[in-house]
**Q** 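To start, I am sharing the structure in question, which I have written as structure tokens.
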Amino acid sequence: MPNDRIAASVPQPADAIAEVQHISKSFTTDGHERVVLQDISLAINFGEVVAVLGPSGCGKSTLLRILTGLVSATSGAVLCHGQPLHGLHPGAAIVFQNFALYPWLTVHDNVRVGVHRKGLTPTDEAERIRHAIDLVGLEGFEEAYPKELSGGMKQRVGIARAFVGGPEILCMDEPFSALDVLTAESLRSEVYGLWSRGDLGLKSMLLITHLIDEAVFLADRIVILGANPGCIREVVMNPLPHPREYRDSAFVALVDEIHELVTQIHLPERPIAPPTAAPVPEPVPFVQVGEIIGLLAVVHDHGDHINIFELATRLRLELGHVLLAINAAELLDLVDTPKQEVLLTALGREFLAAGDANTRKRIFHRQLRKVPTFAFLVERLRAAPKLHLPAEIVQEELAMHLPNEPPQPLFDTVVTWGRYAELLGYDPATQTVYLDVESTAGPMDGLRA
Ligand code: ADP
Ligand code: MG
């Protein structure tokens, strides 16, 4: 549908702003070639918002990177205004899921990255930056550093940095999925607001998402990808007028219709699984695995339940530290804490009863995968080349999500718990974190098969 902000009388260029024709993309890891995208043709035209919808791992980010020139296609044509694209798309700006801010730069300087080297006069540059910061409501925070900002504010910086260069196409890769639901909803409306004002020079938007209602809220055209290899399975036009309202019956009906399509594509003849949000890291208590096990043993010796103060006395530990150990055990569902009591759960009893180290590790492993921080790392590592990531990257990504946690103890705790559970490994020689082979299978595998 033509966007309401583009007057019918404005002549529109015939060529697509960004386009791929019959592209395929393969990656080779450990000598194995894997086709990630196969025979994809897609054009983003003047005046439209296109959403690409698909489950995690189906190649959405790779498609965005190819359209913007960040990576090359293995075969097929990549075009910019009808001409072969060489290097980066000059009119594209990208908003990343993980914000991708420089931790050592202020808000102002992070936004400046988006206009740097555009050859503006210092006055013009300063004015553009001021305007972009103003648009996303960050005035007053110019001198703040990313670690001082909430997730929503960080993504505002990411959006300002994208807008500041005056892009003609704004490409967003799951831009709101690292945020809580309410923040995501309000930022989504704000981005639509910025687009519909029409005075920013923006001519189109590409949204990568795995959320159906996000696609229906923003996009005029919704492209549904199938997985393994990623290919276009359906294209759905969205005729709903703006402003769109999640609770409108027509909105709900379109979401349902797409839900059904996605289900048929990815889960043929299986029960519908609701789209799960990407896991977001949460703080973990800085305690040793041995302390958790010690705590369980003391509770057990005391008849499987004990008062917290009594527990501190028996463990000969300072109360604050005992509380951390209790938090850790509770996070793993090994104890419950009604009032000032600590009770072993059935799982906690099973853990203790298993005298052998392997059964304990298996229980720890299973529980750890449900802890958001570990679920997040498993997803990141599964998407990483050879399932390895430099420790530095892991630390930075954790710090981005958990700016108030001291990075070193956080990293050390995550690695020691992960190693004990044989979920993660750490290679000190190369300073890389890797996924233990046992951990490469996961809940999304059903979708990928
Ligand atoms: P999505 O964004 O849909 O989650 P991606 O485009 O990130 O998916 O990745 C699609 C597949 O391609 C994944 O299996 C991922 O592991 C793989 N992949 C992505 N980038 C690389 C790379 N640089 N090297 C090897 N494999 C990669
Ligand atoms: Mg992605």
Side-chain angles (χ1 to χ4, degrees), residues 276 279-382 394 398 402 405 409-426 433-445:
T276 46
V280 178
E282 286 173 13
V284 292
F286 302 153
V287 294
Q288 301 297 319
V289 175
E291 292 175 314
I292 301 174
I293 299 175
L295 173 145
L296 297 176
V298 169
V299 181
H300 180 60
D301 288 346
H302 204 261
D304 288 353
H305 68 96
I306 189 170
N307 173 280
I308 289 177
F309 300 97
E310 169 94 37
L311 179 63
T313 313
R314 294 201 175 212
L315 285 170
R316 289 177 227 273
L317 283 174
E318 177 234 329
L319 184 63
H321 199 77
V322 173
L323 290 175
L324 284 182
I326 296 172
N327 281 340
E330 196 166 27
L331 191 65
L332 299 165
D333 205 18
L334 301 170
V335 300
D336 259 342
T337 53
K339 303 227 171 87
Q340 299 191 339
E341 290 281 295
V342 182
L343 307 182
L344 281 191
T345 59
L347 189 66
R349 286 198 296 274
E350 190 189 327
F351 182 90
L352 273 185
D356 74 301
N358 282 338
T359 311
R360 287 187 173 181
K361 277 181 187 234
R362 260 202 306 281
I363 295 176
F364 208 87
H365 180 110
R366 204 170 66 215
Q367 295 307 98
L368 219 48
R369 295 185 74 131
K370 297 186 223 163
V371 175
T373 303
F374 290 88
F376 168 83
L377 281 179
V378 168
E379 256 194 26
R380 283 294 289 116
L381 288 166
R382 287 178 76 194
V394 172
L398 289 175
L402 300 168
E405 297 292 299
L410 176 63
F411 179 78
D412 293 344
T413 307
V414 165
V415 168
T416 39
W417 289 20
R419 287 176 98 173
Y420 171 78
E422 295 178 14
L423 178 69
L424 308 176
Y426 176 66
V433 178
Y434 58 90
L435 200 56
D436 224 289
V437 262
E438 293 294 304
S439 315
T440 48
M444 288 301 284
D445 276 6

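Starting from 1, each residue takes its place in the sequence as its number. The basis for the numbers below is simple: all heavy atoms, side chains too, and nothing from hydrogens, waters or symmetry mates. It should be emphasised that the depicted structure is a prediction, and the values quoted were computed from it without experimental measurement.
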**Q** What distance separates Leu352 CG from Arg349 CZ, expressed to the nearest 0.5 Å?
**A** 10.0 Å
**Q** Counting only pairs under 3.5 Å, give me each side-chain donor-acceptor contact of residues 413-420, with atom names and distances, residues two or more places apart or in other chains.
**A**
from: Thr413; atom 1: OG1; to: Pro409; atom 2: O; distance (Å): 2.7
from: Thr416; atom 1: OG1; to: Asp412; atom 2: O; distance (Å): 2.8
from: Thr416; atom 1: OG1; to: Thr413; atom 2: O; distance (Å): 3.1
from: Trp417; atom 1: NE1; to: Val287; atom 2: O; distance (Å): 2.9

**Q** Any side-chain donor paired with an acceptor under 3.5 Å for Glu282 and Thr373?
**A** no
**Q** Give, for atom CD of Glu350 and atom CG of Leu334, the distance between the pair rounded to the nearest 0.5 Å.
**A** 10.0 Å
**Q** Would Val284 and Phe374 satisfy side chain to side chain contact (heavy atoms under 4.5 Å, CB included), going step by step from the backbone distance to the final call?
**A** CA-CA 10 Å; Val284 292; Phe374 290 88; 4.3 Å; yes
**Q** Please give me the minimum heavy-atom distance between Pro281 and Leu402, naming the atom from each residue.
**A** O-CD2, 3.6 Å
**Q** Can you tell me how far the CZ atom of Phe351 sits from the CG atom of Asp333, to the nearest 0.5 Å?
**A** 13.0 Å
**Q** Does Arg360 have any salt bridge (charged side-chain N to carboxylate O under 4.0 Å, His left out) partners at least two apart in sequence or in another chain, and if so, which?
**A** none
**Q** Within a strict 4.5 Å, meaning less than it, do heavy atoms of the Val335 and Val342 side chains meet?
**A** yes
**Q** Locate the shortest heavy-atom distance separating Arg369 from Val378; write the atom from each residue and the value.
**A** NH2-CG1, 4.0 Å
**Q** Just verifying a value: how many Å separate Phe286 CZ and Leu410 CG, rounded to the nearest 0.5 Å?
**A** 5.0 Å
**Q** Can Arg366 and Leu347 be said to form a side chain to side chain contact (heavy atoms under 4.5 Å, CB included), step by step?
**A** CA-CA 11 Å; Arg366 204 170 66 215; Leu347 189 66; 3.5 Å; yes
**Q** Using the side chain to side chain contact (heavy atoms under 4.5 Å, CB included) rule, take Val280 and Phe376 through it: C-alpha gap first, then chi angles, then the decisive distance, then the call.
**A** CA-CA 6 Å; Val280 178; Phe376 168 83; over 6 Å; no
**Q** Search all heavy atoms of Leu323 against all heavy atoms of Ile308 and return the closest pair with its distance.
**A** CD2-CG2, 3.9 Å
**Q** Look up atom CD1 in Ile292 and atom CD1 in Ile326, then write down how far apart they are to the nearest 0.5 Å.
**A** 11.5 Å
**Q** Is the side chain of Glu291 donor-acceptor paired with the backbone N or O of Gln288 at a distance under 3.5 Å, no angle test?
**A** yes
**Q** Going from CD1 on Ile363 to NE2 on His365, what distance comes out if it is rounded to the nearest 0.5 angstrom?
**A** 12.5 Å
**Q** What pair of heavy atoms forms the shortest contact from Arg314 to Ile306, and how long is it?
**A** CD-CD1, 4.1 Å
**Q** Just distance, no hydrogens or angles: give the donor-acceptor pairs under 3.5 Å from side chains in residues 293-302, sequence neighbours left out.
**A**
from: His300; atom 1: ND1; to: Asp304; atom 2: OD1; distance (Å): 2.7
from: His302; atom 1: ND1; to: His305; atom 2: O; distance (Å): 3.1

**Q** Does the side chain of Val394 reach to within under 4.5 Å of the side chain of Leu398, using non-hydrogen atoms?
**A** yes
